[in-house]
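Accompanying notes for the structure given below.
Nothing fancy with the numbering, it's 1 onward along the sequence. Computed from a predicted structure; not experimentally measured.
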Amino acid sequence: STSTGVRDEVSRPKRALSPADQRGDRSQQPLARGSGHLHSRDHGGGNGTAASGAAGSDHYSRNKGKWARRDDSWARDDDKRHHSTHSTRGGSRDEGAAVGTGAGAATRTRTYLPLMEQMNPDVLAALLGSGWSAVDTDTAFRRKYVDLVFLDGFKNFEKRLWSLKCGVKSRILAQSITVKTRLHELLTQHCPGRFIPDTILLPRGRPPTRHTIPPGVWIFRPERKEGSGVGIAVVQTQEQLDAALSADRRDDKRGVIPPILSRYIDRPLLLHDGGQQFKFHMRIYYLVAVFPDRRRNRAALYYNGELARAMKPYVHADYGNKAGHDTHLSDSFKQVRPLVFPSDFPADDGVAAGVFRDIHTCLTEVTRLAVPTLEKYTECSEGGFNLFGCDFMVDEDHKVWLIEINATPGLQRKGFGDAVYQAFSQFIMGGIAEFALAETPVAADQLAHVVPCDEAGARMLATDCAGALQRGTAAFAAAVAQSHKSDLVGAAAGAEHTIVAHLDDVELEAAYRSRLEPAGWAFLTILEAFSKKSATAVLVAGEHALDKRLTRIDCSVSNQGGNGVSGADLAAAIQHAQPSILSEVVPFEIDGCATDLVLHCVVTVTSAIVHVAALKRGNLVVQPAAHEVGATSAPQVLPFPLAEHGLNCDLAFASACELLALVRSCLGSRVLPRPGAATTGVTLVKARFSIDAANRTRLHSLDSTDGRDADKPGIAAAVCSCALGVAVPDAPPPFILVGEDNPDKN
């Protein structure tokens, strides 16, 4: 088609509609995965052919809040520049480019910013495919645009990220469904008694005595900022209600939205576990995609959810027993095993299918009433999607009741303790990929993870709900199997030791594997170690070192945090290793140029001793001649030891090791003792020496480094020997321990 799709931002409520808009002529193109303008739509009037679309379409674009007519289309004044440069920040606006086909299809690599604390970024990378490239935060702000920003956890609330322009953001504004009072008011008005229990809104500002509680058992639910079920109380009398209201008013963490009273579901369906009966609720995941044209917003329901049961058995009318009546999801990971809907639902498959249909009916109604009003999270994003956690309860008659919809679905638990919890991360992102980021529409019966909350989804469930649930359960089972495979990497091989080694250096990581895997060590990803909460060693570099999950991994050896030596320690060591009197010396030169010796050292700090392992292989850095200073030629780097140019490498290395022995003694006095230290710190240090004509050295600098220009097998050997306790079979070893009784020292 020659017609062009363009932006229709929510921030332009007052502009006049085009003839195509007035006719309501819009294609149903979904979020186009990775096209810079993910919500392009065809404005063509007529029968949809290329000719009629081109002849009958109006094109809109924004230019500093003003609009100008040119020929038969509306366009920006800098239209030519816009189309020539847009491929670097968002892709073509053509309809063909939006779906990845046609003559105007964009071929550039699309960018995404993964800031994920709870879900696995490796899974996201695999789902997006080779056409996508991950960028870090600094790169994203330097480019000023990315196609996708994927956030979870506390990253959602970093205000700096709100100003980053993007095509799609994994966050939308949804207070009309996440605020309890608004959700209950909406459903009470449009479908009373169908999906939510009887509800009473309690406006603030009145004395507590003005609220008269009706007969029966009610649950008091404040709108709290911190959530987690804090402040919820079961009330039956006026005194209990007054006490709950007074406590809510005194609490400085309460929200500004008034609390509500909901009829207590007094006879819930109970979960049989270990010969006892427990109250439970279901956490069902609900995915909403938001378009620039809000009338095209849509939603889907995940096939699999969770069952969160109370911590103690249920006793009817024992309302003071909070542990038996409170089923908040934050305690679900304390259960003996994770409980999954529908496989663990306490009824036969037919009842489970009926419950799922009722949940779909409820969320379809929510979609119809509220989703068209939802908006993107910030003006800097063109659209977005959001994963919600919907809490449902089922009574003895198998009637489904919606309790609340949470903007943050509690995925932080998915990293803890069990492959089933980990599988939810993979399963949920699979639904996002096939529904929210799909390039082309997918039929309801072809979606493996979700069912659309629309008429097509309802027809499919009415025809074969059991089959649809089986398809979703199979997809979830595959995710569980993959998580089990990853979770048991070390245990399956009987490994006693595990290591996380993400060093952004393929050669160095291979050197560690070649030494540790034969010794029975298992290599884990950060997610796998985070799930286990422990690893024997954690060695990371680059962006991996910024992963906050590392702070929750207990380990015995680490190159992170304050476990090693600091820059201040190294600065003090340089002063300690310098001679008190510096006499004039004749420098060693190669081809008339001063030459420095660079050695890499592995500094290991335990609770009792500091080891400094100097690698025998290093570099000689030949400085440019004085008349070449400022020239484009860089210093020449030669391997050390060197068999030419008249340098006695053995004497030079021995002289450098004497100075490193002084460095070791200084570090020992600064970083020891470390009583109670449970972690061995590892720091890789680059030492630079000048060399004189007598092959003696002087220490000039000590800097921590990532070792990219170092002897990689030597680093691995030193770390394995000094920090991990793995014997090094090399004879002689590629390093020496300076300042210690080492037979290879001379």
Side-chain angles (χ1 to χ4, degrees), residues 31 33 112 114-128 148-153 155-156 168-172 174 178 282-290 298-308 329 332-333 338-343 356 359-360 363 384-392 405-438 442 447-453 457 468-469 471-484 486-487 527 530-531 549:
L31 282 163
R33 185 178 72 186
Y112 70 100
L115 297 176
M116 307 163 70
E117 297 177 331
Q118 301 169 356
M119 292 192 283
N120 188 351
D122 296 334
V123 174
L124 177 63
L127 290 171
L128 291 176
L148 169 64
V149 175
F150 198 113
L151 313 173
D152 64 20
K155 291 293 184 181
N156 279 311
V168 167
K169 191 183 187 73
S170 60
R171 184 80 170 168
I172 63 176
T178 58
M282 298 182 295
R283 169 60 60 88
I284 301 297
Y285 295 103
Y286 177 54
L287 180 62
V288 176
V290 166
R298 54 195 176 90
L301 164 67
Y302 279 85
Y303 284 111
N304 290 86
E306 294 181 70
L307 305 182
L329 199 66
S332 63
F333 70 91
L339 303 170
V340 180
F341 176 85
S343 57
F356 186 76
I359 292 174
H360 181 269
L363 293 181
F385 61 89
N386 207 108
L387 180 71
F388 299 96
C390 305
D391 291 343
F392 288 90
I405 298 179
N406 299 277
T408 52
L411 292 176
Q412 67 272 14
R413 300 172 338 284
K414 304 304 177 291
F416 294 102
D418 193 280
V420 175
Y421 284 142
Q422 299 175 44
F424 268 104
S425 171
Q426 180 174 339
F427 184 74
I428 285 168
M429 282 194 289
I432 291 172
E434 71 177 2
F435 180 78
L437 300 178
V442 180
L447 295 170
H449 304 81
V450 297
V451 54
C453 292
L469 279 177
R471 183 168 62 251
T473 301
F476 185 76
V480 173
Q482 181 63 33
S483 298
H484 270 298
S486 300
D487 194 42
L527 177 65
F530 179 68
S531 303
R549 292 175 294 184

Original post:
What pairs with T473 under side-chain contact (heavy atoms from CB on, under 4.5 Å), at least two apart in sequence or on another chain?
Top reply: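 side-chain contact (heavy atoms from CB on, under 4.5 Å) check on T473 returns N304, P342.
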Original post:
Is there a donor-acceptor pair under 3.5 Å between the side chain of E434 and the backbone N or O of A448?
Top reply: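 Indeed, once roles are kept as given, a pair shorter than 3.5 Å links the two residues.
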Subject >> Which atom of A433 lies closest to which atom of L127, heavy atoms considered >> reply: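 That closest heavy-atom pairing would be CB-CB, 4.1 Å.
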**OP:** For I284 and G305, work out which heavy atoms get closest and say how close.
**Re:**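 Nearest heavy atoms, I284 then G305: CD1-CA, 4.3 Å.
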Original post:
Pick one: which of Y303, F341, F392, F424 meets ring-ring contact (aromatic ring centres under 6.0 Å, His included) with Y285?
Top reply: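 Considering Y303, F341, F392, F424, a ring-ring contact (aromatic ring centres under 6.0 Å, His included) with Y285 is found only for F424.
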Can you tell me how far the [atom1] atom of [X] sits from the [atom2] atom of [Y], to the nearest 0.5 Å?
| X | Y | atom1 | atom2 | value |
| --- | --- | --- | --- | --- |
| R471 | L447 | CZ | CG | 8.0 Å |
| L363 | L301 | CG | CG | 5.5 Å |
| K169 | F385 | NZ | CZ | 10.5 Å |
| I432 | F150 | CD1 | CZ | 4.0 Å |
| F388 | N406 | CZ | CG | 10.0 Å |
| N386 | T178 | CG | OG1 | 8.5 Å |

Original post:
Taking it one step at a time, do V340 and E306 satisfy side chain to side chain contact (heavy atoms under 4.5 Å, CB included)?
Top reply: CA-CA 4 Å; V340 180; E306 294 181 70; 5.8 Å; no
Subject >> Verdict with reasoning, L148 to L128, per side chain to side chain contact (heavy atoms under 4.5 Å, CB included) >> reply: CA-CA 11 Å; L148 169 64; L128 291 176; 4.2 Å; yes
**OP:** Please name all residues satisfying ring pair (Phe, Tyr, Trp, His ring centres under 6.0 Å) with H360, sequence neighbours left out, ordered by chain then number.
**Re:**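 H360 satisfies ring pair (Phe, Tyr, Trp, His ring centres under 6.0 Å) with no residue once adjacent residues are dropped.
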Original post:
Can you name the side chain to side chain donor-acceptor pair (under 3.5 Å) partners of Y302, sequence neighbours left out?
Top reply: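 Partners of Y302 by the side chain to side chain donor-acceptor pair (under 3.5 Å) criterion come out as none, since no residue qualifies.
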Original post:
Should Y286 and C453 be marked as a side chain to side chain contact (heavy atoms under 4.5 Å, CB included) after you check the CA-CA gap, both sets of side-chain angles, and the distance that decides it?
Top reply: CA-CA 9 Å; Y286 177 54; C453 292; 3.9 Å; yes
Original post:
Do the side chains of M282 and D391 get nearer than 4.5 Å, heavy atoms only?
Top reply: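 Contact flag for D391/M282 side chains = no.
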Subject >> Stepwise side chain to side chain contact (heavy atoms under 4.5 Å, CB included) test for H449 and L287 >> reply: CA-CA 11 Å; H449 304 81; L287 180 62; over 6 Å; no
